[in-house]
Amino acid sequence: MGKDVSDGTFTSADRMRYRQKVRRCLDTFALMLDDFAFDADAPTTGLEIEINLVDGRHEPAMRNLGILEDLADPTFQPELGQFNLELNVPPQLIGGDGLAQYEKRLLETLARTDAKAAGHDASLVLIGILPTLTAEHAILDNLSTNPRYRVLNEQILNARGEHITLDIRGVDHLKIDTESIAPEAACTSLQFHLQVSPEKFANYWNAAQSIVAFQLAAGANSPYLFGHQLWHETRIALFKQATDTRPDELRAQGVRPRVWFGERWITSIFDLFEENVRYFPPLLPICDDEDPLEILRSGGVPRLGELRLHNGTIYRWNRPVYDIMNGRPHLRVENRVMPAGPTIVDMMANAALYYGLVRYHAEQDRPIWTQLSFSAAEDNFHAAARRGIAAPVFWPGVGEVRATDLLLDVMLANAAEGLDGFGVDAAVSNHLLGIIEQRCLSGRTGATWQVDTVRAAERRGSDRPEALRHMLAQYAELSRSNAPVHTWPVE
């Protein structure tokens, strides 16, 4: 959400005023799209990385506040759980060796942060879901101390009117009730931002929706939750269920979830913001004093605070972003499907695949979304989340095919062409896309390595909790080596 919230008591008058302000923001945004000069001079990118903290037993360490105070670094923020941090990497271009520079900066930043964490008897782990996390850890008392998380929790539960049920079927079956949104803190992601012009936004968002299955198939890293082996990328199911404001009756009626793939290809970014206003009631009806229309008429840049806050409580897997930098407004596609980890170089390989594929498909004369139904794209997304490296997908002109086969035959070459369009050095592109290629050839992702290592420990006589701790200890050590996960051994 990015906005500090301290008061969770809202009246009907607050909600009515907020709705009016959101609609005024939406009207103002429509006018801006018609004739305002958005910053689109260069395709700037950005990264957000959510990080887990563990103690000496590789269990969650509820120590983010002290570590953040020691860091005193504005690029780090608390996340939902006290065992989480979020790093907002400063934006930059990826042309030339930009992706390699991202990797270098992350190696230096996370090494420095890990050293600070050691002073609090903690260490960092980059992983989609912390395997040693239990339901006893995921409780209200372990939410971060920032008041906005308590307010968000209260508003989601009030909207739902009952406890939240997690019901995920994979290799195992997890079904539990929870009295808070704290299980959502288990989801630690890697988010990619790409600045685009208003004219090209729809193409880039549609392209991002089209390729999510290939991202997940090649990059899944979240097979365990609360001791259960579930999906290869269990975050996808967990995030949807842990923040669901709909009781059973509203789900049966087809009311849309706040964690949402969407329902159609778009022709403008306005379509997404308008859907947000039309389909989703406000969770945090907080207004500021700005009149966005008056600001626009006077030649200023409206903050559109209410529209942005509302957008921040609707968790699309590819989310539209309106923001202001150095006094100029800009638009971004925020890609939210990927897990953190396993290593920094693996995350850079995931970035190369995303940025390359999204540019390639967005710039085609006959775009893929004119041939692929939206429902097929969503089915591909869920198949990849469930089955990871073995996922089948449907693709125009091909039919049903294994996602990794299509990556090897077509998509990696497309991604290389897209990266070339960004001006990425061929050596950098070949190196990072080569990591994706080796995952596809070896069948090894973070998810498969975790599962194989746990099964090996269980065959040696360990019970599941012990096997998960053993696996995570190895994972953390190998992750610090920055060797890509397809090279990791399984004992």
Side-chain angles (χ1 to χ4, degrees), residues 1-32 48 65 68 74 77-81 84 86 88 140 143-161 164 180-182 184-185 191 239 242-246 255-260 269-270 272-296 300-316 319-325 329-332 334 336:
M1 298 184 309
K3 185 179 180 71
D4 285 332
V5 177
S6 58
D7 186 0
T9 304
F10 303 113
T11 66
S12 57
D14 291 332
R15 295 182 184 279
M16 182 177 297
R17 180 167 180 257
Y18 183 81
R19 285 191 178 93
Q20 292 170 347
K21 282 293 299 285
V22 166
R23 292 190 177 278
R24 192 164 179 86
C25 287
L26 189 64
D27 292 342
T28 304
F29 186 55
L31 294 173
M32 295 177 70
E48 295 179 51
L65 182 59
L68 287 167
Q77 303 291 331
E79 250 301 324
L80 181 61
N84 303 142
E86 180 181 88
N88 295 284
L140 183 62
L143 292 186
S144 286
T145 56
N146 190 311
R148 74 172 182 257
Y149 296 121
R150 301 298 177 111
V151 174
L152 183 64
N153 176 77
E154 180 181 329
Q155 295 304 308
I156 287 176
L157 290 177
N158 286 347
R160 184 179 175 86
I164 294 171
S180 75
I181 64 169
E184 190 224 316
Q191 299 165 24
F239 194 32
T243 57
D244 200 343
T245 57
R246 306 167 304 162
V255 172
R256 295 155 184 85
R258 297 190 88 96
V259 175
W260 197 32
I269 187 176
F270 185 82
L272 301 177
F273 282 107
E274 193 273 335
E275 283 179 350
N276 289 354
V277 175
R278 178 159 31 110
Y279 293 147
F280 298 99
L283 279 182
L284 301 170
I286 301 166
C287 294
D288 61 30
D289 294 330
E290 178 189 80
D291 184 331
L293 196 53
E294 289 302 315
I295 296 292
L296 182 64
V301 178
R303 292 191 304 272
L304 305 183
E306 293 80 11
L307 189 67
R308 293 163 71 187
L309 178 59
H310 189 52
N311 185 55
T313 63
I314 298 158
Y315 307 100
R316 296 177 184 269
R319 184 155 65 183
V321 176
Y322 167 88
D323 207 349
I324 301 169
M325 182 72 68
H330 68 264
L331 306 177
R332 303 195 304 268
E334 180 188 15
R336 303 163 50 82

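For this chain, numbers begin at 1 and follow the sequence in order.
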Heavy-atom side-chain proximity of [X] to [Y] below 4.5 angstrom:
X: Gln155; Y: Thr245; value: no
X: Pro257; Y: Arg246; value: yes
X: Val301; Y: Ile295; value: no
X: Val255; Y: Tyr279; value: no
X: Ile286; Y: Phe10; value: yes
X: Glu275; Y: Trp260; value: yes
X: Glu48; Y: Glu334; value: yes
X: Leu68; Y: Pro78; value: yes

query: Which value, rounded to the nearest 0.5 Å, describes the distance between Phe239 atom CZ and Tyr315 atom OH?
result: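 Interatomic distance, Phe239 CZ to Tyr315 OH, rounded to 0.5 Å: 6.0 Å.
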Inter-residue atom distance Ile314.CD1 - Leu309.CG, 0.5 Å rounding: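 Between Ile314 CD1 and Leu309 CG, I get 10.0 Å after rounding to 0.5 Å.
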Which atom names give the shortest non-hydrogen contact between [X] and [Y], and what distance separates them?
X: Leu284; Y: Tyr18; answer: O-CE1, 3.6 Å
X: Thr243; Y: Ile156; answer: O-CG2, 4.2 Å
X: Pro302; Y: Pro292; answer: CG-O, 3.5 Å
X: Pro281; Y: Arg19; answer: CB-NH2, 4.4 Å
X: Arg258; Y: Thr313; answer: NE-O, 2.9 Å

Test item: [X] side-chain N/O and [Y] main-chain N/O as donor-acceptor pair under 3.5 Å:
X: Asp14; Y: Thr11; value: yes
X: Arg303; Y: Asp288; value: no
X: Arg160; Y: Asp244; value: yes

field: Heavy atoms of other groups near Arg15 CZ, more than 12 under 6.0 Å
entry: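 Enclosed.
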